[in-house]
Amino acid sequence: MGKALQKKKWSRRLKVLAAALLTVGCLQVPAFAAESNGQMIRVAMFANLGSTYKSTTPLITLESTGKWSIGSESGAGVTLPAGQIRFSADGFRVKVLETGDFKTAAAAAKLLQATSDKPLLFTTTLSGKATYQLYTGNYATEALATQAVARVQKVAAGLGGQKPVVTGNKHLSAGSYSSLQEAEAAQESLLAAGINAISVLQLSGGAQGYSVWVGEAVTDAELAALKKTVEVKAPGVSLTPVSDSNVLMIRQDAGLSTDTLKTAPHYTIAGTEAKAYVQGDGSGIKVLERSARTYRGDMEVSIVGGDLALVNVVPLEQYLYSVVGAEVYSSWPAEALKVQAVAARSYALQQGERFKIANVVDTTLSQAYNGIGSENDKVTSAVDATAGEVIKSGGKIVEAVFSSNAGGQTAHPSEVWNGGAGVFSNVDSPGDASAQAGLHTWYHVLLSSGVSGYIREDNVKELATKTEAGLSKVTVTAQNTNVRPIPLIQSTVEPVAKMNPGTEAVVLAKVAQSNDYAWVRGPFTSAALVKALQGKTTTTVPASISTLEVTKRGPSGRALEVSANGQPLTVKYADTYRSALGGLPSTLFDIAGTGSYTVLGADGQTSSKTGSKGAAVLSASGTGTSSGNALVVMSGDGQARAVTQGQTFMFIGQGNGHGLGLSQWGAKGMADEGYDYQTILKHYYQNATIVKE
């Protein structure tokens with residue numbers, strides 16, 4: 001991670017910034033700055049890092065309940081009152097309209113909000129009157145901005161009667177000033193002369209200064225023409241080229257409400273190396289575009305890959321307060337919380353500069369990090385109790401990966417990323433079953449229509465009658481009771497049928513509600529699986545799938561190879577099957593084709609059968625009874641399932657996640673049994689020691 005370098009760099013930065021702020025009478029040093037000698041971590045929230053990580057936004061809105069400041073890496077900075085500030089990146093945009101009527105501008109902005117051309121609405125003062133400027137963008141290239149003009153014109157047609165035009169990031173400086181007031185006075189004079197001008201905060205050279213820029217040209221030719229225009233309209237104004245330095249173009253954001261005008265300072269970052277450091281008062285900084293969550297530490301705003309980037313710079317231990325609270329339930333035993341704290345700390349420190357501008361990201365690509373909102377006193381105590389403790393093996397910090405639930409046994413590395421054993425190996429994880437505690441039982445039923453599905457136990461009434469094959473029958477207790485495709489309520493998935501009281505159904509099985517330990521997914525049609533598999537395999541995906549089966553398994557039973565129509569669907573890493581097969585919780589699964597079954601003959605030979613024509617219930621003894629439009633096959637031990645006329649696929653599995661390393665539910669189960677956190681960690685991370693750094 002280069003932690004010594006990170007520590008030294010940020011310690012120096014905070015001291016320089018604090019000194020600069022105090023010099024200009026800006027802001028007292030925040031309470032957490034006293035802790036800056038501790039380990040800091042950089043967490044990327046928004047960034048365009050290509051294939052490594054991409055989460056972008058055209059606008060970043062930060063909010064503080066107390067005084068705060070914007071500074072630079074060199075130490076220059078200015079104080080801001082409590083409230084909101086917004087950031088955007090200088091670049092190619094479409095200027096939609098300019099008007100003195102807020103309702104017109106806001107109405108156009110509202111229309112654009114529902115499109116891919118996201119609006120930005122600014123306000124400025126011209127001859128004592130408010131003027132509103134509506135833009136969309138940014139766009140990566142001039143060509144993309146030009147394409148957007150037609151879309152924007154169509155959406156905002158008739159509003160203001162103006163033709164949208166492409167604007168760019170080429171500017172000219174009309175002078176430098178020692179105060180914002182002087183810059184704004186010069187800006188107003190240029191605006192009054194009909195020249196587009198903006199005040200700029202300069203954050204280079206160790207002390208802030210101000211200048212006024214004119215124009216937002218797309219090309220050098222357009223910029224040259226602008227210079228001639230300014231010389232005519234404002235003779236005596238000296239224009240010079242703009243250097244590619246660390247500057248913030250100061251605007252006033254008008255917001256996007258159609259009812260009220262709610263302005264906020266808006267800073268457009270210009271310059272390829274530009275960075276703005278936002279330092280709060282210790283009460284936290286809210287990020288509206290990150291679900292309005294509030295975070296400890298500072299915020300760094302910059303431009304990376306042409307897009308806005310936001311990095312939270314926070315003391316490591318405070319970062320863990322949020323991570324542990326987001327990753328596991330605070331109600332879990334203290335020892336389980338300590339396990340997560342040590343694992344999360346080890347994982348974070350082992351990442352190095354994986355994300356170039358940051359050590360980790362705030363999603364589960366690294367570790368879940370939701371800011372102050374996921375903190376809890378019990379979690380904080382667990383982090384503090386293990387402060388500085390990490391997992392080591394061979395003298396190095398272990399990349400302590402973890403998953404929610406291992407399904408009873410953790411994965412061997414060969415089942416996840418083709419690696420060998422060592423710190424990670426497959427070990428028993430019986431505590432995983434604790435994820436099922438207190439959950440509803442579901443009835444897997446077959447309707448007379450031939451449709452099968454699941455009904456939750458609290459909606460079911462068992463009947464005294466049975467089928468000739470000995471299967472139980474049920475009805476329901478309420479009108480229009482949903483029959484679900486899997487034993488789980490999914491708000492975005494339609495039920496497969498509805499039942500009313502008095503209607504009977506045959507019980508195929510009773511199962512636990514799908515959970516982190518045991519689950520059911522499907523039914524998936526051939527077409528759905530073919531679509532999901534596209535681009536995920538290194539072999540050709542068949543046009544249609546009639547059979548699908550696990551043909552190789554690893555040491556823990558996870559799928560190493562899945563074959564369709566008898567041909568392997570090869571993937572780069574075995575764990576890829578989770579996403580390749582429609583988003584399965586884990587690779588510890590079996591596959592059931594709903595339109596086929598296997599019969600064991602008297603001679604010991606098996607044969608595959610398909611379809612449900614001739615609907616009958618087959619018992620273990622071979623006797624059969626009619627069951628409408630579906631075939632129910634019973635095994636020798638009395639297990640039953642429906643066979644449909646069309647082939648679809650159900651996945652029945654265990655576990656949630658890759659299964660490698662720590663199982664969070666497994667740790668909870670061990671803690672329930674009285675094991676301490678170090679014993680639990682050493683169980684899941686083999687040949688490892690717990691060391692306080």
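- Annotation: the span from Glu289 atom CD to Leu62 atom CG amounts to 8.0 Å, rounded to 0.5 Å.
- Each of Glu188, Gln181, Glu184, Gln187 was scored for a side-chain hydrogen bond (donor to acceptor under 3.5 Å, both in side chains) with Ser199, with one residue passing: Gln187.
- Glu216 has no carboxylate O lying under 4.0 Å from a charged side-chain N of Arg93, or vice versa, which leaves the two without a salt bridge.
- The distance from the OH atom of Tyr277 to the NZ atom of Lys275 is 5.0 Å, given to the nearest 0.5 Å.
- Residues Arg345 and Glu693 are not paired through a salt bridge, judged by the lack of any N-O separation under 4.0 Å between the basic side chain and the carboxylate.
- For the side chain to side chain donor-acceptor pair (under 3.5 Å) test, no residue two or more places apart in sequence or in another chain qualifies with Tyr132.
- Note that OG of Ser403 is 9.5 Å distant from CG of Asp575, once rounded to the nearest 0.5 Å.
- The aromatic rings of Trp213 and His171 sit parallel to each other, their planes meeting at less than 30°, with 60° as the upper class boundary.
- Under the rule for a side chain to side chain contact (heavy atoms under 4.5 Å, CB included), the partners of Ser586 that lie at least two apart in sequence or sit in another chain are Trp519, Leu588.
- Taken to the nearest 0.5 Å, the CD atom of Gln340 stands 9.5 Å off from the CG atom of Leu681.
- A heavy-atom distance below 4.5 Å is not found between the side chains of Ile250 and Val200.
- Judged purely by atom type and a 3.5 angstrom limit, Lys356 has no side-chain atom pairing as donor or acceptor with the backbone of Glu353.
- Of the possible donor and acceptor atoms, one in the side chain of Glu335 sits under 3.5 Å from a partner among the backbone N and O of Tyr677.
- Put simply, CG on Leu248 and CD on Gln202 are 10.5 Å apart, with the number rounded to the nearest 0.5 Å.
- Aromatic ring pairs are classed by plane angle as parallel below 30°, tilted from 30° to 60° and perpendicular above 60°; the pair Trp417 and Phe424 is perpendicular.
- When all heavy atoms of Val278 and Ile285 are compared, the pair lying nearest together is O-CD1, 3.9 Å.
- In this structure, Asn359 contributes its side chain and Gly352 its backbone to a donor-acceptor pair below 3.5 Å.
- Note: Gln436 CD to Ser514 OG = 9.5 Å, rounded to the nearest 0.5 Å.
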